[in-house]
Amino acid sequence: MAKIGVFVCHCGENIASMVDTANLVAAISEHPGVEICLEYKYFCSDPGQETVKRAVREHNLTGVVVAACSPRMHEQTFRKACAEAGLNPYMLELANIREQCSWVHTDKEEATEKAIEITRSLVEKVKRNNKLYPISVPVTRRAMVIGGGIAGIQAALDIASAGREVVLVEREPSIGGHMSQISETFPTLDCSQCILTPRMVEAVQHPNITVMTYSEVEEVDGYIGNFTVKVRRKARYVRMETCTGCGDCIQKCPVKKIPSEFECGLGNRSAIYTPFAQAVPNVPVIDRSRCTYFKNGKCAICKKTCQIDSIDFDQQDTIETIEVGAIVVATGFQVQNTSLYGEYGYGRYKDVITGLHFERLASASGPTAGKILRPSDGKQPETVVFIQCAGSRDVSKGVRYCSKICCMYTAKHAMLYAHKVHDGDTKIFYMDIRAAGKGYDEFTRRAIEEDHAGYVRGRVSKLYEENGKLIVRGVDMLLGRPVEVAADMVVLATAMVPQPDAKEFAKIIGIGYDEYGFFNEAHLKLRPVETATAGIYLAGACQSPKDIPDSVSQASAAAAKILGLFSREHLEREPVVATVSDSTCAGCWGCATACPYNAIDQRDITDRNGNVIKRVASVNPGLCQGCGTCVSFCRSNSIDLAGFTEKQIFAEVMAL
C-alpha cells in the first residue's frame, strides 16, 4: 500500500503570497495514499530537509512529493535528503507550484486550485514510480581539445598539468590561432607573441600532450567517458620526425608570390612554408595546389635542397582513431566578410582594411616590420579613420550582436598609430563605447586623453576616393552636423563570426548552435562551459565573441570540469534512459532517426543456434539523455522512458 508524504513549501512569499498553502495541505491530506502532508516556509533549508527525513523514517514512507519550485532548482537537494533517510531518491517528485502556478497567476483562488491539481497529479505519479539506480559508466581518462588557439592551449595545459593525457587537434599547420596574428594586447599593450609563444612551446613539449597540427576531426561517436574520435592527419609532404626547421627549402622554393593567409594577403609566402616565424611546430607544409611539382611533376627543388631528405611527395592523408573520455571544443572565430558594406569601399580601395590587417601592419614581425604603411603605395598615412561596428549590431546587413572586442581594439589601434606616427591624426566613428572589463574604460580614456584619438559619435554614410584621398562622410550625432574627413587609410572594426563550417562541425560532434553558428551552452548562467551533450565542453570564441582573458578563463573552467569527470574511474549518471521492448519492436528505426544524441543502435536477437530471428532497436544507456523523443516516434509503442513511463504519465493526466 502506498504511503506518500507531501511537503508544501511557502518559498518565503514566492508561493504563499498567491497560493493558499493551508487549503492546499487540507485538500491533499484527504487524497488516497497520502500518509502525511506538512507545510513549511523553506523546505530547502536544513530544518526543512530534516523535517522531510524525519517524516520518511517515522512514517515509513514509500514516496515523497515536495510542492515547491522547479525541479531544476532543488530536485537534487531533496533526492539527497530522501537517500539519507533510506528512501530510493527516485521515489521523489517535485510539484512545481512556483514557476508554473504562483508566478503566472494573479487570482489566488485559481492559483490555489491549480496548485492542488498539480500536486495531486504528482502524488498519483509517485505511486507508480519504480526504484531506479544510477548507471555506472567506465571513463577513459584522456581528453581531446579541438582547436589550438589560446583557449585550446590553455585547456590542454591545465588538463595535462593535472596528470591526464590530452590530444590537441589543430587544422592549421601551427597552433596559436588568431592571437598569433595580433601585435599587442589590450589593456596592457603586452606583446602578443611574448605571451603566447611560451605557452605554445610548453604545450608541444609537455609529456602529457600530443599535438596534432594540420589535422581535422572527421567523426565523433560514443558518449561521456567513452568517445571514439576519427582524426584526419593531412599530408604535409614533410617528415615531421626528421625535419629540423632550418628553412632552406622555403628560401629555395621558386614559387614565392602566393598571398599569405597569416598576413591577411598583405605579404606573400612560398609554396612550401611555415605560417609565421614562431610557428609551433616549426615544420613547413607544402601547398599542393600551388606547388609546381604537384602540377606538372617538375621542380622538386625543395627535395634537392633538403640535406636530411625530409621532403616526401608520396605522403598521404591518414585517419587516426582516438579513444577519449571528454572533448573541449575551442575552434575559435573568423572575421566577417566586409565586402557586404559597399558604402565602405572594402575590396574596391586598397587602403580600406580590417582591424586584423592593421594588426599585421603594426606587428614587428609583419609585412612592413611594424611600420604603419598604406597597402596601395607603401606610404605612411597621415590621417587614419576607424569605423566601429562595421558588421556588428546591424540588423540589415551584418549581425545583431555586439562583437565585444571592437571598441577595445580600435582604441588600441589608435594608440599604436599615435606611438608610431607622432604627427598623425585619428578619427573614430562609433555608436557606443562598450569597455566593460578590468582596466578597459581607463584604457579608452587613455586613448582619448593621452594619445588624442578623436572620437565622433555617429555612423559613416559614404566613403569614396578623390585626389588620392579617401573621403569619409558621416554625421556627428552629439553636435548634430555632418562630418567629412579626408583620410589616407580607413580601418573597419569588423564583426567576429563563427567559423564558416561551424554548423556542419556541430552536427559531426553532436552539439547545438544558435542562429549565427556559435555553439550553444547547456545553460547560459549555471552551465556556461557545458553543452547539451554530456562530456563535451566549450572554450573561447566558438561559443560567442570573447576577448583573450574571457577565453582563457573559460578554457580553465572547461579543464576543471573535465578533471572532475576524470577524478573517478567510473561515472555515475542519471538512470532516466529509454528502454526498448524486444517482443514488440518492429525494427522500423524511426527512433534511431529521431534520436538527437545518436544513442540508438541495432541489436540482433538470435536463437540457440545463433541464427538471427529479428533485429531490434537498442538504447545505449551511456549516451541516452532521457529526452523522450524516441518514445513519441515509436509506431509500435515499444519504448518507455524510465521515470516517465506511459502508466505514470497516464496516472498524472487522470488525476487532473
Side-chain angles (χ1 to χ4, degrees), residues 148-150 170-186 191-193 196 250 256-271 273-279 285 287 289-290 331-341 344-381 384-388 390-392 398 403 405-406 408-410 412-414 416-417 420 470 487-500 541 545 548:
I150 184 59
E170 168 57 46
R171 66 164 56 169
E172 299 297 331
S174 170
I175 58 176
H178 281 300
M179 187 175 172
S180 61
Q181 295 177 280
I182 295 172
S183 174
E184 281 87 16
T185 62
F186 58 78
C191 167
S192 180
Q193 286 289 358
L196 178 65
I250 299 174
K256 293 185 180 296
K257 293 187 177 181
I258 304 170
S260 169
E261 296 83 0
F262 183 81
E263 301 292 356
C264 304
L266 295 175
N268 294 325
R269 63 167 175 84
S270 55
Y273 69 101
T274 51
F276 53 101
Q278 302 91 342
V285 60
D287 184 347
S289 64
R290 303 296 188 107
T331 51
F333 71 97
Q334 278 299 340
V335 176
Q336 187 189 39
N337 179 10
T338 318
S339 61
L340 296 170
Y341 289 83
Y344 294 159
Y346 183 81
R348 286 186 290 135
Y349 308 130
K350 289 184 178 181
D351 296 326
V352 178
I353 62 175
T354 69
L356 203 53
H357 287 101
F358 192 89
E359 292 285 354
R360 296 313 304 149
L361 291 176
S363 174
S365 61
T368 59
K371 297 179 181 179
I372 308 298
L373 303 177
R374 301 195 335 164
S376 62
D377 55 14
K379 294 181 180 179
Q380 181 174 278
V384 177
V385 169
F386 297 89
I387 302 176
Q388 294 194 186
S392 302
S403 290
I405 66 170
C406 309
M408 291 302 299
Y409 76 63
T410 298
K412 180 189 73 174
H413 289 168
L416 293 178
Y417 175 74
K420 293 174 182 287
L470 294 169
D488 299 303
M489 181 188 290
V490 174
V491 183
L492 306 179
T494 47
M496 290 177 71
V497 296
Q499 295 283 3
I548 294 170

Could you go step by step and tell me if S180 and F276 meet the side chain to side chain contact (heavy atoms under 4.5 Å, CB included) rule?
-> CA-CA 9 Å; S180 61; F276 53 101; 3.8 Å; yes

Is there a side-chain contact between [X] and [Y] (heavy atoms, below 4.5 Å)?
| X | Y | value |
| --- | --- | --- |
| E359 | S192 | no |
| R360 | F262 | yes |
| D351 | P375 | yes |
| I405 | P545 | no |
| T274 | S174 | no |
| V497 | F333 | no |
| R171 | T331 | no |
| Q334 | P500 | yes |

Going by atom types alone, do H413 and T410 pair a side-chain donor with an acceptor below 3.5 Å?
-> no

Can you tell me how far the [atom1] atom of [X] sits from the [atom2] atom of [Y], to the nearest 0.5 Å?
| X | Y | atom1 | atom2 | result |
| --- | --- | --- | --- | --- |
| T185 | L196 | OG1 | CG | 10.5 Å |
| C406 | M496 | SG | CE | 8.0 Å |
| D488 | L373 | CG | CG | 12.0 Å |
| Q181 | L356 | CD | CG | 4.5 Å |
| Y346 | H357 | OH | NE2 | 4.0 Å |
| M489 | Q380 | CE | CD | 9.5 Å |

Of the non-hydrogen atoms in [X] and [Y], which two are nearest, and what is the gap between them?
| X | Y | result |
| --- | --- | --- |
| G149 | E170 | N-OE1, 4.2 Å |
| A390 | Y344 | CB-CE1, 4.1 Å |
| Y409 | A493 | OH-CA, 3.2 Å |
| K256 | N268 | O-CB, 3.3 Å |
| L361 | T368 | O-OG1, 3.1 Å |
| E263 | G366 | OE1-CA, 4.0 Å |

Around atom NZ of K371, are there more than 12 heavy atoms of other residues, nucleotides or ligands at under 6.0 Å?
-> no

Using a cut-off of 6.0 Å, state whether more than 12 heavy atoms not belonging to K420 lie near its atom NZ.
-> yes

By salt bridge (charged side-chain N to carboxylate O under 4.0 Å, His left out) - contacts of E172 (at least two apart) = none

Within the distance-only criterion (no hydrogens, no angle test), does the side chain of T338 pair as donor or acceptor with the backbone N or O of Q336 below 3.5 angstrom?
-> yes

Taking NZ, NE, NH1 and NH2 as the nitrogens, is one of them in D287 or R269 under 4.0 Å from a carboxylate oxygen of the other?
-> yes

Taking the six-membered ring for Trp, is the centroid-to-centroid distance between F358 and F386 below 6.0 Å?
-> yes

Evaluate the side chain to side chain contact (heavy atoms under 4.5 Å, CB included) criterion for residues V385 and L470: first the C-alpha distance (whole Å), next the side-chain angles of each, then the deciding distance (0.1 Å), finally the verdict.
-> CA-CA 9 Å; V385 169; L470 294 169; over 6 Å; no

